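Worksheet: the structure to be examined is printed underneath.
Position 1 is the first residue of the sequence; numbering continues from there. Keep in mind the model is a prediction, meaning the values are calculated, not measured.
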Amino acid sequence: MELTHVAVPPDSMLERAVRAGPGELLWLGAAPFEVRCEPTGATGLLKLVALAEGEGVVAQAGRRAILREGTFAWVQSDAPFELSMSRGRRLLLRLPVSVVQQRHPGVDLRTAVARGEEHAGERVVAGLLRQILRESSSLSQRDCAAALGVVLEAIGMCSRAPELSRTRVERALAEIELRLGDPALQPADIARAQGVSRRYLDGAMAEQLGSTLAAHIRRRRLERAASELSTRPDDAVFEIAARWGFRDTSHFTRLFRGHFATTPAAYRRAALDGARAGGGSGGRVRDTA
């Protein structure tokens, strides 16, 4: 890499460096500096720049972020970037991008975006980074390795890439509708079909729909069963339950009562009575869930 402008010699910026596992922690001194970097080769590394004091500006990929105390930003090592810092201490974390993406698929890794103020998970990560920075002199090599591992896990709490997250949820919903009648359907199957973890997909579902995979599957099965209780009077309750993935009729009844505040038989009677009276859907029991 070529440093085309550095306000102070690079060696004087570095207070401490610790390599641990796949990553590296670097504590930078308080002197102001400006860096313009033009990569000369591929490293596959992501930099996470965190501030405990002062302010900074990072620019990359057409974006420009102002960093303040307690915030952080991603920087891609293999693309040109500019970084300037006022007086204040900061921490630099270097990780292979492949490690981060494999551990936390779907996390928003857009560079030159200030993080740590609005998103709750990113505030937690920012707090961890700030504490690691402040405790530099007290942390042993082993402590630093553990700290890096904690931060790598905590990155999973950061915000999701918006478009990817929405696409994943849309695909999950479509897959669920296709397989609702399969009693063997599990939330992990939906996540596995997309090559992501159940934890990631549950998080995306919760953010966008306020529901986990398991809860959504259960709700949609109950809704489809309720529809058939109203429109297929000749089918027994246990047949309808089995058709929508409920092997145990008593378990189905408990779930149905919890969702609709009535039993399947009572729901059917109310719907059919309403239809006979000419009320159409007026006899439908209200969904209280």
Side-chain angles (χ1 to χ4, degrees), residues 20-26 45-53 55-56 58 60-61 63-76 90-135 139 143-173 187-188 190-191 194-216:
E24 187 175 18
L25 287 167
L26 300 98
L45 293 176
L46 271 175
K47 294 184 178 76
L48 190 159
V49 183
L51 276 67
E53 303 164 352
E55 293 185 345
V58 59
Q60 188 171 51
R63 289 184 294 272
R64 182 181 180 86
I66 297 176
L67 302 180
R68 298 180 176 84
E69 180 179 338
T71 63
F72 68 93
W74 292 107
V75 177
Q76 172 59 257
R90 42 257 161 175
L91 181 71
L92 184 66
L93 171 61
R94 288 199 289 226
L95 287 165
V97 63
S98 59
V99 170
V100 179
Q101 290 175 333
Q102 289 170 10
R103 186 72 61 89
H104 305 296
V107 164
D108 185 2
L109 298 179
R110 288 176 299 162
T111 59
V113 175
R115 305 178 187 278
E117 292 182 326
E118 297 182 1
H119 187 275
E122 290 176 353
R123 288 197 297 271
V124 172
V125 174
L128 286 171
L129 295 168
R130 187 165 57 250
Q131 196 63 29
I132 292 169
L133 203 163
R134 290 173 174 170
E135 297 292 339
L139 298 176
D143 294 335
C144 291
L148 194 148
V150 169
V151 172
L152 179 56
E153 284 302 316
I155 287 169
M157 301 171 66
C158 292
S159 61
R160 299 297 194 260
E163 290 303 321
L164 178 58
S165 181
R166 279 195 292 271
T167 300
R168 298 285 194 199
V169 169
E170 289 170 1
R171 290 176 179 172
L173 296 178
I190 302 298
Q194 297 193 49
V196 299
S197 69
R198 176 180 172 180
R199 182 175 67 175
Y200 162 72
L201 203 49
D202 268 339
M205 291 276 292
E207 286 178 6
Q208 296 180 42
L209 302 177
S211 174
T212 63
L213 282 166
H216 181 79

Which heavy atom of Leu213 sits nearest a heavy atom of Ala172, and at what distance? CD2-CB, 4.4 Å

So how far is it from Arg90 CZ to Leu51 CG, rounded to the nearest 0.5 Å? 7.0 Å

Does a donor on one side chain sit under 3.5 Å from an acceptor on the other, for Ser159 and Glu122? yes

Which atoms form the tightest heavy-atom contact between Ala52 and Arg134, and what is the distance? O-NH2, 4.0 Å

Is a side-chain N or O of Gln60 found less than 3.5 angstrom from the main chain of Gln76, in a donor-acceptor match? yes

Less than 4.5 Å apart, side chain to side chain, heavy atoms only: is that true for Asp108 and Arg115? yes

Leu209 atom CG: more than 12 heavy-atom contacts under 6.0 Å: yes

So, the side chain of Arg103 versus the backbone of Glu153: is there a donor-acceptor pair under 3.5 Å, distance only? no

Can you confirm whether Arg63 is buried at CZ, in the sense that more than 12 heavy atoms of other residues, nucleotides or ligands lie under 6.0 Å from that atom? yes

Under the criterion side-chain contact (heavy atoms from CB on, under 4.5 Å), I'd like the reasoning laid out for Ile190 against Leu201: C-alpha separation, chi angles, the key distance, then a yes or no. CA-CA 9 Å; Ile190 302 298; Leu201 203 49; 4.0 Å; yes

Between the CG atom in Leu148 and the CD1 atom in Ile132, the distance rounded to the nearest 0.5 Å is 7.5 Å

For His216, give me all partners under side-chain hydrogen bond (donor to acceptor under 3.5 Å, both in side chains), at least two apart in sequence or on another chain. Arg219

Leu25: which of Val151, Leu93, Leu48 passes side-chain contact (heavy atoms from CB on, under 4.5 Å): Leu93

What's the spacing between Leu173 CG and Glu170 CD if we round to 0.5 Å? 8.0 Å

Side-chain contact, heavy-atom cut-off 4.5 Å: Cys158 with Trp74? no

Report the residues that fulfil side-chain hydrogen bond (donor to acceptor under 3.5 Å, both in side chains) with Glu55, sequence neighbours left out, ordered by chain and then residue number. none

Just by modelled atom types, is the Leu152 backbone N or O under 3.5 Å from a matching donor or acceptor in the His104 side chain? yes

Heavy atoms only: give me the nearest Ala126-Gly116 pair and the separation to one decimal. CB-CA, 4.0 Å

Do you know which two heavy atoms are closest between Ala61 and Thr111, and how far apart they sit? CB-OG1, 4.3 Å

CG of Leu95 to CD of Glu24, rounded to nearest 0.5 Å, is 10.0 Å

Answer yes or no: is there a side-chain heavy-atom contact under 4.5 Å between Pro187 and Asp202? no

Minimal non-hydrogen separation, Pro96 against Pro22, with atom names: CD-O, 3.0 Å

So do Val169 and Met205 actually touch side chain to side chain, heavy atoms under 4.5 Å? yes

Where is the tightest heavy-atom contact between Ile155 and Val100, given as atom of each residue plus distance? CG2-CG1, 4.2 Å

Here the gap from Leu92 atom CG to Lys47 atom NZ, rounded to the nearest 0.5 Å, amounts to 6.5 Å

Hey, what do you get for OG1 (Thr71) to CD (Glu117), rounding to the nearest 0.5 Å? 6.0 Å

Would you indicate whether the side-chain heavy atoms of Leu67 and Val58 approach each other to under 4.5 Å? yes

